[in-house]
Structures are given as structure tokens and as C-alpha cells.
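Quantities reported herein were computed from a predicted structural model and do not represent experimental measurements. Residue numbers start from 1 in every chain, and the chains themselves are labelled A, B, ... in the order their sequence lines are given, proteins ahead of strands. Heavy atoms only: backbone and side chains are in, while hydrogens, waters and symmetry mates are out.
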There are 2 protein chains.
Amino acid sequence: MANTSGNESVPEEIDPENYSNWFALYHLCKTIGDKKSIHMSSTEFGRLLNVSQQTASRRFQTLEEMGWIQRKLMGNDHIVRITKQGADIMLLMYKSLKKILENILIVGVVTEGMGEGAFYVSIKGYYEQFKEKLGFPPYKGTLNLKLSDLNYALLRENLKTRIPIIIEGFTGGEKDMQSAARSYGAVRCYDCYLSRLDDASKKKKAAILDIERTHHKKNIVEILAKPYLRNYFNLKDGDRLRIELSTS
Amino acid sequence: MANTSGNESVPEEIDPENYSNWFALYHLCKTIGDKKSIHMSSTEFGRLLNVSQQTASRRFQTLEEMGWIQRKLMGNDHIVRITKQGADIMLLMYKSLKKILENILIVGVVTEGMGEGAFYVSIKGYYEQFKEKLGFPPYKGTLNLKLSDLNYALLRENLKTRIPIIIEGFTGGEKDMQSAARSYGAVRCYDCYLSRLDDASKKKKAAILDIERTHHKKNIVEILAKPYLRNYFNLKDGDRLRIELSTS
DNA sequence: ATTACTAAAACCCGAGTAG
DNA sequence: TCTACTCGGGTTTTAGTAA
């Protein structure tokens with residue numbers, strides 16, 4: 001059963017010899033789906049893997065020898081299930097890929113704290129421009145994403161090659177402030193898309209708000225979007241979001 | 001760059017032809033790690049993949065033809081990076097595995113609500129037994145995990161084959177209750193380990209509290225553990241935890 | 001050093017077929 | 001039907017080697 005547990009030896013890495021077997025297991029898991037076992041002949045398995053019945057039969061044997069699956073051959077009824085070890089093999093790859101993806105994609109970690117960005121959205125002189133130039137009325141707050149050093153460097157480098165959406169500065173007096181007319185500087189924005197790592201289908205158009213960071217923490221990027229993103233993506237601090245820059 | 005985005009065609013599934021190429025890309029990603037590109041000769045790549053230099057060279061060519069990597073050959077300096085398409089290929093498998101794992105492992109969704117379980121831990125007559133028989137003093141509350149129909153069925157079936165830790169019933173009067181001595185029924189527990197799907201290294205010994213469910217919602221399992229699990233695993237409602245039953 | 005071609009060797013697949 | 005064996009043929013890998 002894939003459900004019992006123990007501390008048997010779990011390999012650290014997939015054996016290069018076993019690529020086709022690994023993929024065989026993978027496809028088997030996929031079609032087993034949420035059932036605990038499956039009736040499958042070697043012919044069917046062959047169809048699934050795009051190989052002959054003979055090869056599929058050999059795969060079954062190898063998978064069983066490796067302890068990744070277990071078979072019960074009762075007459076013409078062939079029941080296959082994934083063993084705990086088999087499940088661990090899948091888990092191994094999953095974890096490995098997760099780690100890889102956090103490196104090769106720009107991934108930001110949702111971080112607590114109102115950035116300066118929230119200040120900009122709240123000022124009418126900026127807000128009207130955001131609304132018009134970004135193409136959406138932004139939520140009056142920003143989502144702070146913390147990037148790794150590398151990811152932050154990659155992002156900055158990437159932004160350099162892009163034409164920013166310029167939010168013009170202006171001089172004016174906010175009525176709530178007792179000070180006289182002060183000047184508000186220009187801000188740059190960049191279109192982007194956000195998505196959860198595990199569900200790329202739900203992509204949200206957003207914008208990176210590139211403000212001159214004065215007393216801002218390092219490697220933090222502030223995001224503007226129409227909805228309240230923490231609700232939209234069901235986020236909590238520490239969750240990861242993928243940032244994709246739009247192709248211009 | 002793996003960081004720019006577009007809507008180029010992303011394949012739905014890994015082509016059976018490309019198993020070895022897929023693994024080549026995978027290993028390449030792994031060793032690139034958190035750098036954006038890597039210096040790698042075909043000899044080194046061969047060592048990495050456990051194949052000859054010639055085969056590694058062919059792999060490089062194929063990966064490049066498929067648009068999964070990009071190479072710059074400047075004299076004897078060979079720089080390789082993963083393209084957006086290559087990153088998407090990895091992402092595809094990641095998502096696929098995530099889905100598989102949620103089916104073949106017993107995974108519970110963290111669910112709001114005090115179950116009856118919390119009641120048991122709060123009663124001294126039970127608590128002292130929990131402490132002694134489970135081997136840890138449980139946190140005075142339970143974590144509710146909601147399972148899928150299948151997972152719940154699998155779990156129950158699995159528990160059937162196990163010897164429960166019996167928490168004896170007793171008759172006694174709780175001092176805070178004005179009622180006379182009442183009787184408290186026996187409860188069954190089962191050792192288990194909990195872990196986040198994405199970090200199996202952090203496993204927490206815990207126990208499934210198997211109470212007779214009276215007005216309990218369906219498919220809910222209550223968990224006892226020493227720490228407050230929502231903090232320990234940094235959980236919020238909707239997060240998933242893997243339940244592994246200990247090998248007895 | 002490298003990459004990558006050609007040709008031989010090794011390996012794997014699937015047809016045929018037995019149980 | 002089914003699984004799974006043997007073996008011929010095709011594919012892939014590697015050794016040798018050129019650039």
C-alpha cells in the first residue's frame with residue numbers, strides 16, 4: 001500500500017538506467033488516478049506507453065522487481081497497485097522539481113508589510129494615472145514579494161530592457177495634509193503576470209511598481225493588481241508566486 | 001531567458017520519444033541550480049548523465065533543437081542556459097506529479113473547526129493516558145484533516161489491520177461539572193507521522209484519534225500531536241498534510 | 001581543449017509463439 | 001484471452017577520429 005510508512009531506503013536520485021521505467025511508473029500513476037489499484041493487462045499498458053504488449057509486459061516485470069508496483073495475477077484478472085516505494089519515487093521527483101522551479105522561474109515569496117507602494121495607490125494624482133495607463137483600477141494596496149538575490153538580479157536586468165509605463169510626477173496639495181503643495185515624483189511600472197506555481201492556468205495581469213527604494217527592505221518587489229491578490233490566489237505569508245514579464 | 005514570458009505553445013504531455021532528453025534537461029536544471037547559466041562541456045554533461053561525451057553532445061544538440069536550452073559556443077567556452085520553453089517543460093511535470101501525489105498518498109486538508117477530539121484531550125482521565133500511551137503530552141486541541149472519499153476509505157481499511165492504542169474509558173466526575181459521576185467511553189488511537197507534501201524531511205510523530213463520530217462531519221480525521229501543529233507546519237485552512245501510518 | 005562525424009557494438013523493441 | 005519467452009532487426013550508444 002502506498003499508505004503505510006516506514007524508513008526503508010528511499011533512493012536519493014532516479015537511476016539513469018531506469019528512465020523508461022520511471023516514465024512507465026509515472027503514466028501508470030496518472031491513469032490509476034484516485035483509485036487504489038487498477039485492472040490493466042500488458043496490452044493496455046502497452047497502449048498507454050505507446051509500446052508493444054511485449055515491452056509493456058517487460059516493464060511490468062521490471063517495475064515489480066524494483067518494488068515500485070505490486071501485481072496480482074488472478075487468472076485473466078490483473079490488478080496493479082503502486083507500492084509505498086513507488087509513491088516515494090514520485091515524491092522524490094516532485095520535490096526535486098519544486099526546488100528546480102524555484103530557481104529557474106522568477107518566484108517571489110509573499111511577504112508581510114505595507115510597502116511604500118500602498119502610499120502611491122492611495123494618492124489621487126497617481127491613482128488616476130494607474131487606472132488609465134495600466135488598463136485596470138488597482139487595488140489600493142500592494143502585494144510585497146521577496147525575491148532571492150539571483151531572482152532579483154535577473155528581474156532588474158530584465159526590466160532594464162523593457163520600456164516602463166511612466167506614471168508622471170506632479171505638484172499638488174493633498175487636502176488631508178497640512179503642509180503646503182509638495183511635489184510627487186514619477187514612478188515606473190512594468191506589466192507582468194502572476195500565477196501560483198502549481199496552477200499556471202490562473203494567471204493574473206498585474207504590474208510591478210518600481211519605486212525608488214529609500215528605506216525599503218532588500219529584494220522586495222511591490223505588485224499592483226485589480227483584485228486583492230491575497231484573496232484572489234488564497235495566499236498567506238511564505239507562499240510563492242511566479243512572476244512572468246509580458247512579452248512586449 | 002527563462003524569465004520572460006509569452007504564450008508560445010506548451011506541450012500538454014512529455015513525448016514518449018523524449019524520455020532521455022527530458023531527463024537530460026532535468027539533470028541540467030539541477031546542476032545549474034540557482035545560477036542563470038552554466039559553463040559545461042559535452043564531456044562534463046556526459047559524466048552528469050552517465051553517458052559518453054558523444055551522446056552528451058547529441059543530447060545538447062537535441063535539447064537545443066527542441067528549444068529547451070540555448071548554447072553559446074565561444075571557442076572552448078560553452079555556456080548553456082534553460083529557455084522559457086525548457087522551464088515550462090519542467091513546470092508541466094511538476095504540476096502533473098503534484099496531482100498524482102495528492103491521489104496516491106493519504107493527504108488531508110487542514111480544516112477549520114474544533115472536533116470532539118479537543119474535548120477528550122481536555123479531560124484529565126483521558127489526558128494522562130494519552131501522555132503515557134502515546135509517548136508525548138498532546139497539545140490540548142486537535143487538528144482536523146479532511147480526506148477525500150477514497151483517502152478516507154483507504155485510511156479506514158488500513159487502520160483495520162492495525163492494533164490500536166486503547167485509551168480506557170472510566171467513570172468519574174469532572175469537578176467543573178455539576179452532574180453526578182458519568183461514564184467516559186474508550187477511545188482508539190493510531191500512531192502516525194505528518195509531513196508537508198513539499199518537505200518530507202520534517203516529519204512529526206502524531207496520533208490519529210479515532211472517536212465514534214456522532215455528529216461529526218464526514219471524512220474528517222482528528223490528529224493529536226505534542227506541538228500546536230498549525231504553527232509547527234505553518235498551516236492555514238486548505239493546506240495539505242501527508243499522513244503516514246507507522247509500520248508496526 | 002573542445003564538438004561532432006562515421007561506423008561498429010550494444011541494447012532494446014516487437015513479432016512469433018508457448019504455456 | 002492472458003503473460004512472457006526467444007530471437008531477428010532496428011535503434012541507440014560509443015569508440016575512433018577529424019576539425
Side-chain angles (χ1 to χ4, degrees), chain A residues 13-32 35-83 86 89, chain B residues 13-29 31-32 35 37-83 86 89:
Chain A
E13 183 49 81
I14 311 297
D15 187 339
E17 310 277 316
N18 292 143
Y19 291 171
S20 46
N21 292 315
W22 189 91
F23 269 89
L25 181 67
Y26 162 71
H27 280 114
L28 192 59
C29 286
K30 270 184 64 159
T31 61
I32 283 188
K35 295 180 291 304
K36 60 181 285 198
S37 60
I38 197 173
H39 293 252
M40 186 175 284
S41 70
S42 56
T43 314
E44 290 173 282
F45 196 34
R47 251 197 302 277
L48 184 66
L49 303 178
N50 254 300
V51 295
S52 66
Q53 171 269 318
Q54 291 86 339
T55 301
S57 172
R58 231 174 326 105
R59 290 271 192 285
F60 266 148
Q61 290 174 66
T62 318
L63 291 181
E64 194 165 25
E65 277 164 30
M66 296 199 284
W68 292 357
I69 66 168
Q70 217 170 45
R71 282 187 299 173
K72 276 199 184 116
L73 310 179
M74 304 143 88
N76 269 1
D77 206 15
H78 312 90
I79 301 172
V80 184
R81 29 163 291 262
I82 312 296
T83 62
I89 289 291
Chain B
E13 182 52 79
I14 310 297
D15 188 336
E17 310 276 317
N18 294 144
Y19 291 172
S20 46
N21 292 316
W22 189 92
F23 268 89
L25 181 67
Y26 162 70
H27 279 114
L28 193 59
C29 288
T31 61
I32 284 187
K35 298 179 293 302
S37 60
I38 197 172
H39 294 252
M40 185 175 284
S41 70
S42 57
T43 314
E44 289 174 282
F45 196 35
R47 250 198 303 276
L48 185 66
L49 302 178
N50 253 298
V51 296
S52 66
Q53 169 270 319
Q54 292 84 342
T55 302
S57 172
R58 225 173 338 100
R59 289 271 192 285
F60 266 149
Q61 291 174 64
T62 318
L63 291 181
E64 193 164 25
E65 277 165 28
M66 295 198 284
W68 292 357
I69 66 167
Q70 217 169 45
R71 281 188 299 173
K72 276 199 184 116
L73 310 179
M74 305 142 86
N76 268 3
D77 205 15
H78 311 91
I79 300 172
V80 184
R81 27 163 293 261
I82 313 296
T83 62
I89 290 290

hbond_proxy A:Gln54 side chain to C:dA15 base (donor-acceptor, 3.5 Å cutoff):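 Check passes, donor-acceptor contact within cut-off.
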Rounding to a whole Å, what distance do you find between [X]:[atom1] and [N]:[atom2]?
| X | N | atom1 | atom2 | result |
| --- | --- | --- | --- | --- |
| A:Leu73 | D:dT1 | CG | P | 19 Å |
| A:Arg47 | C:dG14 | CZ | C1' | 16 Å |
| B:Gln53 | D:dA15 | CD | P | 10 Å |
| B:Tyr19 | D:dT11 | OH | C1' | 17 Å |
| B:Phe45 | C:dT2 | CZ | C1' | 16 Å |
| B:Phe23 | D:dT13 | CZ | P | 14 Å |
| B:Ile79 | C:dT2 | CD1 | P | 15 Å |
| B:Glu44 | C:dA1 | CD | C1' | 12 Å |

Is any side-chain heavy atom of B:Met66 less than 4.5 Å from a side-chain heavy atom of B:Ile89?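 Sidechains of B:Ile89 and B:Met66: no contact.
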Is it true that the side chains of B:Thr55 and B:Arg58 contain a donor and an acceptor less than 3.5 Å apart?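 Judged by distance alone, the side chains do pair up.
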Would B:Leu25 and B:Ile82 satisfy side chain to side chain contact (heavy atoms under 4.5 Å, CB included), going step by step from the backbone distance to the final call? CA-CA 8 Å; B:Leu25 181 67; B:Ile82 313 296; 4.0 Å; yes
With sugar-phosphate meaning primed atoms plus P, OP1 and OP2, does A:Gln61 contact a base, only sugar-phosphate, or nothing at under 4.0 Å between heavy atoms?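 Sugar-phosphate only.
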Any base atoms under 4.0 Å from A:Ser41, or only sugar-phosphate, or nothing? Heavy atoms, all strands.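 The answer is sugar-phosphate, as A:Ser41 gets under 4.0 Å only of primed atoms, P, OP1 or OP2.
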Counting just side-chain N and O atoms, does [X] come under 4.0 Å of either OP1 or OP2 of [N]?
| X | N | answer |
| --- | --- | --- |
| B:Arg58 | D:dT13 | yes |
| B:Ser57 | C:dA4 | yes |
| B:Arg71 | C:dA4 | yes |
| A:Ser52 | C:dC13 | no |
| A:Ser42 | D:dT3 | yes |

So if I take every side-chain heavy atom of B:Arg59 and compare against D:dT13, C:dC13, C:dT3, which nucleotide ends up nearest?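 The answer is D:dT13, which lies nearest to the side chain.
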Euclidean distance, A:Phe45 CZ relative to A:Thr31 OG1, rounded to 0.5 Å: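 Here the rounded value is 7.5 Å.
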What class does the angle between the rings of A:Tyr19 and B:Phe23 fall in, given that below 30° is parallel, 30 to 60° is tilted and above 60° is perpendicular?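 Rings of A:Tyr19 and B:Phe23: parallel, under 30°.
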